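Since the structure comes first, as structure tokens, the remarks are kept for the end.
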Amino acid sequence: MTNFVEELRWRGMLHDIMPNTEEKLNEGMTSGYIGFDPTADSLHVGHLTQIMTLIHFQNAGHKPFALVGGATGMVGDPSGKSDERNLQTPEMIEHNLKGMKKQLAKFLKFEEGGNGAVMVNNADWFKDMNLFTFIRDVGKHITVNYMMAKDSVKRRLEGDSGLSFTEFCYQLIQGYDFYHLWKNENCLVQMGGSDQWGNIVTGTELIRRKDAGTAYAITTQLIKKADGTKFGKTESGAVWLDPEKTSPYKFYQFWLNASDDDVKKWIRIFTLKNKEEIEALEKEHDAAPHLRILQKALAEDITIKTHSVEALETAIKTSEFLFGNGSLEFLKGLSDKEVLDIFDGIPQYKILIEELGAGIDAASLLAEKSAIFPSKGEAKKTIQGGGVSVNKEKVAEMAQIFTADHLINDKFIVVQKGKKNYFLLIAE
């Protein structure tokens, strides 16, 4: 066995730890869990810290439990939130659970016996519990004074939106999760982000008061970007683990675009590379920062882990195509959806395939059939300067004719203005 807590510590992940937790873990294989609420049908990069925590926990020889909150997802956790979440229907939650389970199985070793990971759903033990049983068997052990003292409750009470009774009860519900797993699965440790400390400690307190038992708690640092912007968000929204929501190319680019300050922290948190490997990469990176060695190592590692080697290769070829000298043949091997994913966020114009059949001159294609240029005069000026390419080939003159034969996959034409400005023409 390896020292799990020390692993979190040197990676910069450890935030809080309950006294005697490290000593307990070092005694031998211990069961511990992290909860994931099904607020969407995919996890996102904001969940990766906790996923990595479970991976380290399992790799250290301990038994990880991944709790998916079929019950708690119907309530919503007030921790770190300024407003109450919209409540979801049971059908929505069930749909979301299926997506989450599939993704977690890519990161953890779910196998029988030993320290194989186990997935549990708190709906299984809450579905038959009525309100009176809950307030008698759980509520009587935790005082309102104790619950009111939690930072997550205080912040909401001081805010404009207040705190509903539903969300106020959340810490009791999560506390009972811990109690149930402690009682039935010998789960001694709960882990989570630092904003979960209050909820986790409520669980250890319930175990102590209800059964005079002992349980332990560990929280990890919340990830923040050096520039103060929120981790895991881009201009187009959250970065999802589901390739249907965030393409592997965009996922790869998210990590590749990390700042030097951020990447030195993130490569410790989001890869399994050891200390010596990371320090060697840092030395290489510092000698030639423009090569972005750390960013590439991080992006490649996490893209393979989340998606596949093949997805990484596609992401790299996409980057080469857009920002280097990548071949047009690459696009011909992609589906229409994959092509559209690559050009998501890039200006797109629709043209009639019948007009291409008759042939369209470059000036008309670029300034009339699309709005890549505001006028034929502007198009002519840029073409004469060698600044326009169609399908990776320089446009030589205004009168150059483009036909349906120029369509990639019988549907697309890629226009490049200058080095980095791309446009996609879609024939219909």
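All values reported here derive from a predicted model rather than from experimental measurement.
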So does Q58 get a backbone contact from the side chain of N115, meaning a donor-acceptor N/O pair under 3.5 Å?
yes
Can you see which heavy atom on K63 is nearest to which on F57, and at what distance?
O-CE2, 3.3 Å
Between N391 (side chain only) and I413 (backbone N and O only), is there a donor and an acceptor less than 3.5 Å apart?
no
Just by modelled atom types, is the L365 backbone N or O under 3.5 Å from a matching donor or acceptor in the S370 side chain?
yes
With sequence neighbours excluded, what pairs up with E7 under the side-chain contact (heavy atoms from CB on, under 4.5 Å) test?
W10, R11, H56
With sequence neighbours excluded, residues passing ring pair (Phe, Tyr, Trp, His ring centres under 6.0 Å) with Y33:
F178
Could you pull out all residues at least two apart from T318 that satisfy side-chain contact (heavy atoms from CB on, under 4.5 Å)?
Y249, T314, L322, F330, I342
Applying the salt bridge (Lys or Arg N to Asp or Glu O under 4.0 Å) criterion to D41, which one of K101, K245, K98 satisfies it?
K245
Under the salt bridge (Lys or Arg N to Asp or Glu O under 4.0 Å) rule, what pairs show up with a residue in residues 308-334, not counting sequence neighbours?
E329-K332
d(Y216 OH, W182 CH2) to nearest 0.5 Å is 11.0 Å
Rounded to the nearest 0.5 angstrom, the CD1-CD1 distance for I200 and I218 is 9.0 Å
For H47, give me all partners under ring pair (Phe, Tyr, Trp, His ring centres under 6.0 Å), at least two apart in sequence or on another chain.
H44
So, taking the atom named CG in L294 and the one named CG in D262, what distance separates them when rounded to the nearest 0.5 Å?
12.0 Å
Check residues 272-280 and write down every donor-acceptor pair under 3.5 Å in which the side-chain atom is one partner and the other belongs to a residue at least two apart or another chain.
unit_1 : atom_1 : unit_2 : atom_2 : d
N274   : OD1    : E276   : N      : 3.1
N274   : OD1    : E277   : N      : 2.8
E277   : OE1    : N274   : N      : 2.9

Distance-only donor-acceptor hits, side chain of residues 13-23, under 3.5 Å, sequence neighbours excluded:
unit_1 : atom_1 : unit_2 : atom_2 : d
T21    : OG1    : M18    : O      : 2.6
E22    : OE1    : R9     : NH2    : 3.2
E22    : OE2    : N3     : ND2    : 3.2

Applying side-chain contact (heavy atoms from CB on, under 4.5 Å), name anything that partners K411, two or more places apart in sequence or on another chain.
D336, I426
Are D177 and W125 linked by a side-chain donor-acceptor pair shorter than 3.5 Å?
yes
Is it the case that over 12 heavy atoms from other parts of the model lie below 6.0 angstrom from the NZ atom of K392?
yes
Have N184 and Y179 got a donor and an acceptor in their side chains that come within less than 3.5 Å?
no
Euclidean distance, F423 CZ relative to Q348 CD, rounded to 0.5 Å
11.5 Å
Which value, rounded to the nearest 0.5 Å, describes the distance between K296 atom NZ and L298 atom CG?
13.5 Å
With sequence neighbours left out, what residues match F65 under ring pair (Phe, Tyr, Trp, His ring centres under 6.0 Å)?
none
Verify the ring-centre separation between W240 and F251: is it less than 6.0 angstrom?
no
I need the full list of salt bridge (Lys or Arg N to Asp or Glu O under 4.0 Å) pairs touching residues 110-127, with sequence neighbours left out, sorted by first then second residue.
none
State plainly whether the residues D260 and K264 are in salt-bridge range, i.e. N to O under 4.0 Å.
no
The criterion is side-chain contact (heavy atoms from CB on, under 4.5 Å); which residues satisfy it with S389, sequence neighbours excluded?
K394, Q416
Salt bridge check, K305 against E300: does any charged N sit closer than 4.0 Å to a carboxylate O?
no
Which residue pairs satisfy the salt bridge (Lys or Arg N to Asp or Glu O under 4.0 Å) criterion with at least one member in residues 204-223, sequence neighbours excluded?
K183-D211, E205-R208, E205-R209
